[in-house]
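A short write-up of the structure that comes next.
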Number of protein chains: 2
Amino acid sequence: MVYAIEYLAKALKAARENKKLSQRALSQKIGMPQAHISKIENAAVDLRASNLVELARALDLEVMLVPRKHVPAVNSLIGSSVLPGTERREQVPAYRLDAEDENG
Amino acid sequence: MVYAIEYLAKALKAARENKKLSQRALSQKIGMPQAHISKIENAAVDLRASNLVELARALDLEVMLVPRKHVPAVNSLIGSSVLPGTERREQVPAYRLDAEDENG
DNA sequence: CATTTTGATATGTTGAAATATATCATTAAA
DNA sequence: TTTAATGATATATTTCAACATATCAAAATG
């Protein structure tokens, strides 16, 4: 377990599930073995930075370096949608049965 | 050269220089060989995610996954201060001779 | 209910390639 | 001279791909 990147692993997993992609579908999309994606999402491996960027982009995310003092503002801006801990439980509004494509 | 992470490498280098830290000082701060930091800043190696997080935090930066649609807003929010090309020259106010701890 | 099938995810192994690290040398600049 | 940056070498550790297989959940079927 690589604790330092656990939050990134969880964010990647959450983003994939948000897009309703299976690990297999994602693996075919970027040409990375499904088994490796599983290990990454469980923080069982310390993935390389280029793989992090590639994986993120496949999920419409960008890896950014944010000054610590701006982190709260950024979090509120993006609704902490990619931060673990903000599980966004079954908060799905009853009137919205299907979310899927949230990005522009 | 690992092109996919070149922008991260440049951002790390810019952030370090902004804090007026030498590679050696940074290396001692986080216990990473100075020679390795040099390779990282030149994108000569594909560093591991945990090292990216550790390096970023030592420079008061956080590695975040930002939804693509929010990237422009985040960039304007943080003033693109960590994006290379925004060198932020000698903008240090004359009345402030010593910066160091910027975070609250 | 029990069984089986199906889909998705997790785990384990092997071998090749690359990083991580330490150390030392060189170069350049203050 | 002192400090900083880069480059080279050698060794240890780890990722990563490929592949097989195990686990788990849900659905279908007997």
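Chain letters run A, B, ... following the sequence lines, proteins first and then strands; every chain starts at 1.
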Does [X] have a side-chain nitrogen or oxygen under 4.0 Å from the phosphate oxygens OP1 or OP2 of [N]?
| X | N | result |
| --- | --- | --- |
| A:Q34 | C:dA8 | no |
| A:R24 | C:dT6 | no |
| B:N51 | C:dA20 | yes |
| B:S22 | D:dA4 | yes |
| B:R48 | C:dT21 | no |

Rounded to the nearest Å, what distance is computed from the [atom1] atom of residue [X] to the [atom2] atom of nucleotide [N]?
| X | N | atom1 | atom2 | result |
| --- | --- | --- | --- | --- |
| B:Q28 | D:dA5 | CD | C1' | 14 Å |
| B:H36 | C:dT23 | NE2 | P | 16 Å |
| B:E41 | D:dA5 | CD | C1' | 10 Å |
| A:D46 | C:dT21 | CG | C1' | 15 Å |
| B:L21 | D:dA5 | CG | P | 10 Å |
| A:I40 | C:dA10 | CD1 | P | 12 Å |
| A:K39 | D:dT14 | NZ | P | 15 Å |
| B:L47 | C:dT21 | CG | C1' | 14 Å |

Completion exercise
Of C:dA10, D:dA5, D:dC16, the nucleotide closest to the side chain of A:Q23 is C:dA10

Testing the basics here: between [X] and [Y], what is the closest heavy-atom pair and its distance to 0.1 Å?
| X | Y | answer |
| --- | --- | --- |
| B:Y7 | A:V53 | OH-CG2, 4.0 Å |
| B:K29 | B:A58 | NZ-O, 3.1 Å |
| A:E54 | A:I30 | OE2-O, 3.8 Å |

Problem - 5' priority, DNA chain C, between A:N42 and B:M32 [closest heavy atom] - result: A:N42

Handout entry: Partner residues of A:Q23 under the side chain to side chain contact (heavy atoms under 4.5 Å, CB included) criterion, sequence neighbours left out
Key = A:R16, A:Q34, A:I37, A:S38, A:E41

Exercise for the section: For the helix from C:dC1-D:dG30 to C:dA30-D:dT1, figure out the bend between the end axes, five pairs an end, and round to 10 degrees. Expected result: 40°

Base, sugar-phosphate alone, or nothing: which one does [X] contact when heavy atoms must sit under 4.0 Å apart?
| X | result |
| --- | --- |
| A:I37 | nothing |
| A:S38 | base |
| A:A35 | base |

Practice task
For A:D46 and B:R48, indicate whether the former's side chain and the latter's backbone hold a donor-acceptor pair under 3.5 Å.
Solution key: no

Practice task
To the nearest 0.5 Å, tell me how far A:L65 CG sits from B:L59 CG.
Solution key: 9.0 Å

Handout entry: Rounded distance (nearest 0.5 Å) linking atom CE of B:M1 with atom CG of B:N42
Key = 7.5 Å

Handout entry: Check: A:I40 and A:V45 side chains under 4.5 Å, non-hydrogen atoms
Key = yes

